[in-house]
Amino acid sequence: MSNVTSIHSAEASGQIGIVHLGLGAFHRAHQAVYLERYRQRSGDDAWGVASANLRGGVALVDALRDAGYRYHVAEYADSDNVTLREIGVIEAAYFTGQDKRSGRDDAGHWGRDLEALLTRMASPDTRLVTLTVTEKGYFLNPAEGSLLRDDPLIAHDIARPQAPRTAPGILVEALSRRRDAGIAPFTVLCCDNMPDNGTRTQAAVVQLAACRDGELANWIEREAAFPCSMVDRIVPAMTEKDVTRLAELGVEDANAVVGEAFSQWVVEDHFPLGRPAWEDEGVEMVADVAPFETMKLRMLNGSHSLLAYLGALEGIETVFEAVSRGDLQALLRRYMLEEAASTPGMPKETDLAAYADSLLVRFANDSLRHRLQQIAMDGSQKLPQRWLHGAMARLQAGAEVPCTALGVAAWIRYTAGSDLHGNAYGVDDPMSGTFFLLHEAHGDDEENLVLAFLELDAVVPPALAEHPGFAEAVVSAYRVLIRGGIAEAIKAVGST
Ligand code: NAI
Ligand code: CS2
């Protein structure tokens, strides 16, 4: 490593104006970095953060507390240039999930810090609540956005709204307390990779509130702001190699995160209770986030998912290794320029060919060990916005989607839980049980297996599933894939 820049955190600590749900790697490497830079430059200490984990992550919460909430972000421009940034804007951390360390699954071991979190969110000091709880954390039907009322955790929050276990449930209870106390609602800013993410978050919250109190639901819908945002920074889950690499740079920090140097945040400027002057740190405050969201979700994330499923079936481990293959890189380029860039809703003023080139450069960053299995996770929650909505638009315009059809075929084969060489892996997806049953039921009957997956209307829009050209293309790609492997399947698409 030839060039290491170290930036220490400002000593000041101040008022907590933001609560964040989802104390994960991305929150620590993206939003918290913008806030740290903002505080260091402006001296404004009204926007400290209290972050909460609702799932997993109790150890991280306790470790951050023990470290005085300070941690490091390693921003890798490439394998020779890294910025080590100390972050101090997080000033409280909570855990509200089930503490699995107890080994028991009773109510007593859920919600250790729930009351502290809800009290914090109900305080008038809290003016903004942000979220990175993953696409599945909103409990919405991925294809059409309705609340999954039958989910056991949502059913719990309907039955016991004062002791919520889900992100929507926590938002509803906190907003209910503010309304009862005559305090204006905080702004809710979703920072997850979902289309129209503020509106979808609002839908989850209002639909859940309506199960409890129609007046509360109306108040939230009328008074609370749910702006949308597009977020972008590649932040892989930490690996042992990352920890070792940081130690070699003198950073002994179990709570550190690594990411690329690139970072982008495009935010709909609708904050009735105010916000930090993020624009001074390069955040783009806009009236309409949609074109930026569409471009990023379809071109970056759609490409990521293509790499993830095709690469994982070949036993490839990381994005860097996958995109180093000429045929996969050519497939990505064709997918981005022909199938994604031509779908409606893209930003008019952006050079999409240049954007595609920039994405391939980012994917080839050899200092990030971005595991394909991490990207492959939760495909049922990701593929509608990354591939399926765009594919429907192209088919309706009379165009074909061979790259997307191959991606869907690879995703279906991926859900069998083993790669093309027989190596098994876990399928991490809320619908993995359904996938297992479909593979069990259809076995080697490729056509009916594919059709059964396309009939999953929680994932695949019915209009797409019923499109004869699409189903046929997926079946054909699936057959080539399982007989000839990814090289033959990509060749059959005609991208090389
Ligand atoms: P992570 O695995 O480090 O953290 C996941 C977070 O989600 C944890 O705080 C976990 O407690 C929470 N979570 C998971 N399931 C939940 C549920 N059902 N209810 C409530 N909370 C739940 O992952 P990371 O990297 O922080 O990514 C989180 C999200 O951030 C992604 O799903 C995506 O939407 C967004 N994002 C991530 C990027 C990245 O490169 N890692 C880049 C852009 C966006
Ligand atoms: C990735 C995203 O895990 C995934 O699904 O595609 O987290 C990706 O790294 C980010 O959206 C990049 O901004």
Side-chain angles (χ1 to χ4, degrees), residues 20-33 51-61 64 73 93-98 100 117 130-140 148 151-154 157 164-171 190-195 197 200-201 204 229-238 255-260 262-266 292-293 295-309 312 318-319 322 358-359 362-363 365 368-383 385-387 411 428-430:
H20 182 80
L21 305 184
L23 178 54
F26 183 66
H27 165 59
R28 284 178 280 149
H30 181 265
Q31 177 196 351
V33 170
S51 291
N53 259 335
L54 287 56
R55 285 291 170 289
V58 58
L60 171 63
V61 168
L64 264 183
V73 179
Y94 305 106
F95 178 68
T96 70
Q98 180 191 9
K100 296 240 170 71
L117 172 64
T130 55
L131 300 97
T132 50
V133 293
T134 77
E135 297 87 338
K136 59 183 175 293
Y138 300 84
F139 296 89
L140 292 170
L148 300 174
D151 181 281
L153 287 173
I154 290 292
D157 287 4
R165 295 182 172 179
T166 68
I170 285 170
L171 289 168
C190 174
C191 297
D192 274 299
N193 279 328
M194 292 189 304
N197 56 7
R200 287 173 71 97
T201 305
S229 78
M230 182 279 265
V231 291
D232 188 4
R233 174 168 251 185
I234 295 174
V235 180
M238 285 291 279
N255 306 318
V257 287
V258 300
E260 62 176 335
F262 176 90
S263 188
Q264 186 179 15
W265 199 5
V266 183
F292 298 92
E293 235 172 37
M295 176 181 75
K296 192 258 180 176
L297 287 171
R298 290 184 185 168
M299 291 186 70
L300 188 158
N301 295 109
S303 296
H304 253 184
S305 293
L306 266 180
L307 283 180
Y309 297 116
T318 67
V319 169
S358 72
L359 293 178
R362 289 171 61 191
F363 291 171
N365 185 336
L368 300 179
R369 298 190 52 72
H370 199 176
R371 293 176 53 253
L372 297 180
Q373 288 287 355
Q374 178 181 0
I375 299 168
M377 179 179 77
D378 292 348
S380 65
Q381 313 293 308
K382 296 176 176 180
L383 298 188
Q385 57 267 23
R386 295 183 179 203
W387 293 344
W411 168 66
D428 191 349
D429 191 296

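Whatever order the structure lists them in is the order used to number ligands and atoms, beginning at 1.
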**OP:** Find all atoms of ligand 2 within a distance of less than 4.0 Å from any non-hydrogen atom belonging to Lys382, and give their numbers and elements.
**Re:** 3 (O), 4 (C), 5 (O)

Original post:
atom 1 (C) of ligand 2: which protein heavy atom is closest, and how many Å away?
Top reply: His304 ND1, 3.4 Å

Subject >> Gly24 neighbourhood, listing ligand 1 atoms whose heavy-atom distance to it stays under 4.0 Å >> reply: 3 (O), 4 (O), 9 (O), 26 (O)

**OP:** Check whether any side-chain heavy atom of Asn193 sits under 4.5 Å from a side-chain heavy atom of Leu297, and report yes or no.
**Re:** yes

**OP:** May I ask you to identify the nearest protein heavy atom to atom 7 (O) of ligand 2, giving residue, atom name and distance to one decimal place in Å?
**Re:** Asn193 ND2, 3.9 Å

Original post:
Do Leu131 and Leu171 come close enough that some side-chain heavy atom pair is under 4.5 Å?
Top reply: yes

Original post:
In ligand 1, which numbered atoms sit nearer than 4.0 Å to a non-hydrogen atom of Ile234?
Top reply: 40 (O)

Original post:
Which option, Met377, Lys382, Arg55, owns the non-hydrogen atom nearest atom 11 (O) of ligand 1?
Top reply: Arg55

Original post:
Are Glu260 and Arg362 close enough for a salt bridge, meaning some N to O gap below 4.0 Å?
Top reply: yes

Subject >> Side chain, backbone, both or neither: Gln373 near ligand 2, heavy atoms under 4.0 Å >> reply: neither

**OP:** Take every heavy atom of Met230, measure it against each atom of ligand 2, and state whether any distance is under 4.0 Å.
**Re:** no

Subject >> Nitrogen or oxygen atoms of Val235 and ligand 1 under 3.5 Å apart >> reply: yes

Subject >> Test of proximity, Asp232 against ligand 1: N or O pairs below 3.5 Å >> reply: no

**OP:** Find all atoms of ligand 2 within a distance of less than 4.0 Å from any non-hydrogen atom belonging to His370, and give their numbers and elements.
**Re:** 9 (O)

Subject >> For ligand 1, the portion of His30 having any non-hydrogen atom under 4.0 Å away >> reply: neither

Original post:
Does ligand 2 have any atom sitting under 4.0 Å from a heavy atom of Met377?
Top reply: no

Original post:
Roughly how far, to the nearest 0.5 Å, is OG of Ser51 from NE2 of His27?
Top reply: 2.5 Å

Original post:
If we ignore angles and hydrogens, is there a donor and acceptor under 3.5 Å between the side chains of His20 and Thr130?
Top reply: yes

**OP:** Output yes when a side-chain donor or acceptor of Asp151 lies under 3.5 Å from a complementary backbone atom of Leu153, and no otherwise.
**Re:** yes

Original post:
Atoms of ligand 2 less than 4.0 Å from Lys296 heavy atoms?
Top reply: 10 (C), 11 (O), 12 (C), 13 (O)

Subject >> Arg233, any N or O under 3.5 Å of ligand 1 N or O >> reply: yes

**OP:** Run the ring-centre check on Phe363 versus His370 and record whether the distance is less than 6.0 Å.
**Re:** no

**OP:** Any atoms of ligand 1 less than 4.0 Å from a non-hydrogen atom of Gly137? List them with their elements.
**Re:** 17 (C), 18 (N), 19 (N)

**OP:** Go through the steps for Thr132 and Asp192 under the test side-chain hydrogen bond (donor to acceptor under 3.5 Å, both in side chains), then give the verdict.
**Re:** CA-CA 5 Å; Thr132 50; Asp192 274 299; 5.5 Å; no

Original post:
Looking at OH of Tyr138 and OG1 of Thr166, how far apart are the two atoms once the value is rounded to the nearest 0.5 Å?
Top reply: 11.5 Å

Original post:
What are the two closest heavy atoms between Gly24 and Asn53, and how far apart are they?
Top reply: N-OD1, 4.5 Å

Original post:
Without hydrogens or angle criteria, can the side chains of Gln381 and Thr134 be said to hold a donor-acceptor pair below 3.5 Å?
Top reply: no

Original post:
Identify the closest protein heavy atom to atom 12 (C) of ligand 2: which residue and atom is it, and at what distance?
Top reply: Asp232 OD1, 3.5 Å

Subject >> Identity of the nearest option to atom 44 (C) of ligand 1, non-hydrogen atoms only, from Thr96, Asp151, Asn193 >> reply: Asn193

**OP:** Report yes if Asn53 has an N/O atom closer than 3.5 Å to an N/O atom of ligand 1; otherwise report no.
**Re:** yes

**OP:** Any chance you could measure Arg233, atom CZ, to Ser263, atom OG, to the nearest 0.5 Å?
**Re:** 4.0 Å

Subject >> Pairwise distance CG(Asn255) to CG(Leu64) - rounded to 0.5 angstrom >> reply: 4.5 Å

**OP:** Using a strict cut-off of 4.0 Å, indicate which atoms of ligand 1 neighbour a heavy atom of Gly22.
**Re:** 9 (O)

Subject >> Polar contact flag for Gln374 and ligand 1 (N/O pairs, less than 3.5 Å) >> reply: no

**OP:** Using distance alone, decide if ligand 1 has a nitrogen or oxygen within less than 3.5 Å of any nitrogen or oxygen in Leu23.
**Re:** yes

**OP:** Could you list which atoms of ligand 1 come closer than 4.0 Å to a heavy atom of Ala25?
**Re:** 3 (O), 25 (O), 26 (O)

Original post:
Does the N or O separation between Arg362 and ligand 2 drop below 3.5 Å for any pair?
Top reply: no

Original post:
Going by the order shown, which atoms of ligand 1 are within less than 4.0 Å of some heavy atom of Asp192?
Top reply: 29 (C), 30 (O), 31 (C), 32 (O), 33 (C), 34 (O), 35 (C)

**OP:** Return a yes/no value for Phe26: is any of its N or O atoms, backbone included, closer than 3.5 angstrom to an N or O of ligand 1?
**Re:** yes

Original post:
Where the closest heavy atom to atom 15 (N) of ligand 1 is concerned, which of Thr132, Val58, Val133 has it?
Top reply: Val133

Original post:
Which atoms of ligand 2 are found less than 4.0 Å from any heavy atom of Asn301?
Top reply: 1 (C), 2 (C), 6 (O), 8 (C), 10 (C), 11 (O)

**OP:** Test side-chain hydrogen bond (donor to acceptor under 3.5 Å, both in side chains) on Arg371 and Thr318 and set out the steps.
**Re:** CA-CA 4 Å; Arg371 293 176 53 253; Thr318 67; over 6 Å; no

